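Both ligands and their constituent atoms are indexed starting at 1 by order of listing. The first residue of the sequence shown is numbered 1, and numbering continues consecutively from there. Just so you know, these numbers come straight off a predicted model, no measurement behind them.
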Amino acid sequence: EKEKELAKKKETSATKPKSKINIQEELERKANKPLLSLIVIGHVDSGKSTTIGRLLYDLGIVDSRTLHKITRDAELAGKGSFSLAWLMDQTPEERSRGVTIDIVQTQFETAKMRFAVIDSPGHRDYVPQMINGITQADVAVVIIDASSDLIFEASNVNNHSISSDASPSEIAKGQTFEQLTIARNMGIQRVLIVVNKMDVIGWDQDRFKLIEESLTTYLVETLSFSENELSFVPASGFKGDNIVKKSDQCPWYKESLTLFQYLEMMNEESHRTFEQMTSDANDPFVLTITDVTSGSSVDSTKKTDQLIVHGRVNSGVLQPGESVKLWPSGETAQVDSVVTTISQISALAKKNTSGTSTRVNEKITVAGEFVEIKLRKIELPDAICIGDVATKITSSSGKDGNVSCCQKLKCELRMFGLSRPVLEGTPFVLFRGNVSYAARLSAIEWVETKVTNDDGTVKLKKNKKRKHLSSFQRARVIIETEKPVPIVELSAVEKASENEDGLHGIDKLKRIVLRKEGMTVGAGKIVSSV
Ligand code: GDP
């Protein structure tokens with residue numbers, strides 16, 4: 001019986017888009033409004049909410065009444081829980097299954113561009129949520145409190161897996177660096193550092209320089225960031241200096257660019273042209289599901305064949321009417337609608353209200369977009385979980401996103417600072433995309449070690465006899481997971497496209513982070529299934 005069922009599922013064929021659209025026109029429209037997704041990281045109290053609040057206020061996206069309300073609510077709730085979520089009137093939706101996501105994503109658009117702002121909890125207990133946020137971001141905006149003496153002894157921080165009995169100042173230091181280490185390992189290259197609270201230190205140029213220099217050294221030497229991908233802005237989120245409006249407090253700041261100007265620049269840099277988008281449209285459609293909500297919110301116990309999945313499109317395009325396959329369940333479904341949500345300056349300014357966002361029914365969705373996809377004709381909606389992967393069912397062979405679900409992964413890792421070596425057999429938590437899996441280090445294939453030749457030169461050698469991993473080593477290992485992990489078969493995907501850049505979203509699916517007992521022990525890439 002089961003076999004019959006499986007056979008039936010395999011037979012599920014491609015379905016046509018609901019309406020015939022001019023794809024070129026749609027792609028052109030999207031190419032003209034490029035989307036940049038940024039994650040805001042930084043220690044609690046560094047001024048993340050204040051700075052983003054100021055950004056949205058000065059752009060006219062939230063009004064002063066809302067900003068006041070937020071401040072008041074924040075005071076009432078106790079400052080610690082002040083979240084960017086409040087800025088955009090987001091109410092946490094009921095999550096119907098899987099892990100709860102504590103990151104908030106807000107989209108807004110200006111005349112020229114779209115931005116998605118991802119808030120990450122600064123607190124150390126929330127690193128898993130932060131990893132989730134990073135997997136959805138293109139660039140990182142780091143907020144540093146210039147007035148705090150905890151933050152910038154960056155060059156002295158060599159071990160960022162700081163133990164839980166570390167002093168508060170060490171944790172504060174380690175926190176931002178752990179986040180940056182993870183961001184780097186998750187493929188984020190471009191970082192904007194907002195040196196905030198400059199008003200508190202009287203716009204002290206020397207201090208700004210010190211922070212800029214020590215952080216640059218640290219990020220370049222320890223995390224191999226390239227210097228020209230790091231930018232620093234002296235700012236006051238509270239007073240609004242160099243957020244949207246240029247500050248007259250720092251004539252010494254040569255670059256003279258505001259936070260918002262940098263965001264526009266970064267959006268421009270990562271912008272895919274109409275020609276590139278046309279070629280990206282040939283990539284197989286892949287979406288990682290970051291949330292699942294039921295189609296009918298009235299009665300969750302009632303059986304329904306509908307479901308809404310949320311996520312960021314990794315690659316390819318999808319239109320309402322087409323059909324998708326969901327992995328690892330093997331369930332299939334037809335796409336009823338595709339919705340994006342955005343807060344527009346113009347619309348809001350007119351109504352003089354805020355938190356009103358526009359829901360757009362999309363005719364097509366493309367790589368990089370955050371979407372809500374309403375699915376119907378699913379046999380077992382309960383089988384769909386957060387972290388699942390959706391691919392399009394196409395009639396032409398070869399272009400299907402080819403997914404395999406496996407419990408043994410060959411991975412290349414870079415270890416973080418470890419308090420003790422990691423042995424074969426060690427259990428840990430594997431983060432991939434927005435989900436975590438119970439996992440075990442099942443075998444070590446090789447560890448890169450330094451060998452000094454007779455002439456004194458140092459060479460890197462792949463040592464195949466090692467049975468443990470130590471701090472800062474590079475290694476190839478086999479990891480076993482408790483549950484199957486859906487992996488996009490990279491060879492098929494890569495063959496399908498000659499355009500590596502366009503597959504950036506697929507690359508994100510390869511990235512993993514390993515944690516053990518609340519500490520990040522390593523990060524790297526899935527090479528293949530075993
Ligand atoms: P978050 O935890 O990183 O989101 O930090 P908040 O935005 O909640 O800010 C923490 C505290 O720092 C609040 O009391 C803010 O008013 C204050 N603050 C934030 N940015 C600035 C700034 O640029 N200048 C000054 N003087 N205070 C700031």
Which one of Thr340, Val339, Val371 satisfies the side chain to side chain contact (heavy atoms under 4.5 Å, CB included) criterion with Val360?
Thr340
Any residue meeting side-chain hydrogen bond (donor to acceptor under 3.5 Å, both in side chains) with Ser247, in chain and number order, not counting sequence neighbours
Asp241
Heavy-atom nearest neighbour of atom 6 (P) of ligand 1 within options Thr50, Val195, Val200
Thr50
Could I get the full list of side-chain hydrogen bond (donor to acceptor under 3.5 Å, both in side chains) partners for Arg511, not counting sequence neighbours?
Asp507
Hey, is Lys112 close enough to Glu268 for a salt bridge, meaning N to O under 4.0 Å?
no
Does even one non-hydrogen atom of Ser46 get within less than 4.0 Å of ligand 1?
yes
To which of Lys48, Lys197, Lys239 does the heavy atom nearest atom 11 (C) of ligand 1 belong?
Lys197
Before signing off on this row, confirm whether Gly237 and ligand 1 have an N or O atom pair separated by under 3.5 Å.
yes
Which ligand 1 atoms, with their elements, are less than 4.0 angstrom from a heavy-atom of Ser236?
22 (C), 23 (O), 24 (N)
Check: of Asp145, Asn242, Asp199, min heavy-atom distance to atom 26 (N) of ligand 1 comes from Asp199
Any N/O pair Met198/ligand 1 closer than 3.5 Å:
no
Can you label the angle between the Trp252 ring and the Phe208 ring as parallel, tilted or perpendicular, going by 30° and 60°?
tilted
Quick one about Thr217 and Glu221 (side-chain donor to acceptor, distance below 3.5 Å, no hydrogens or angles considered), yes or no?
no
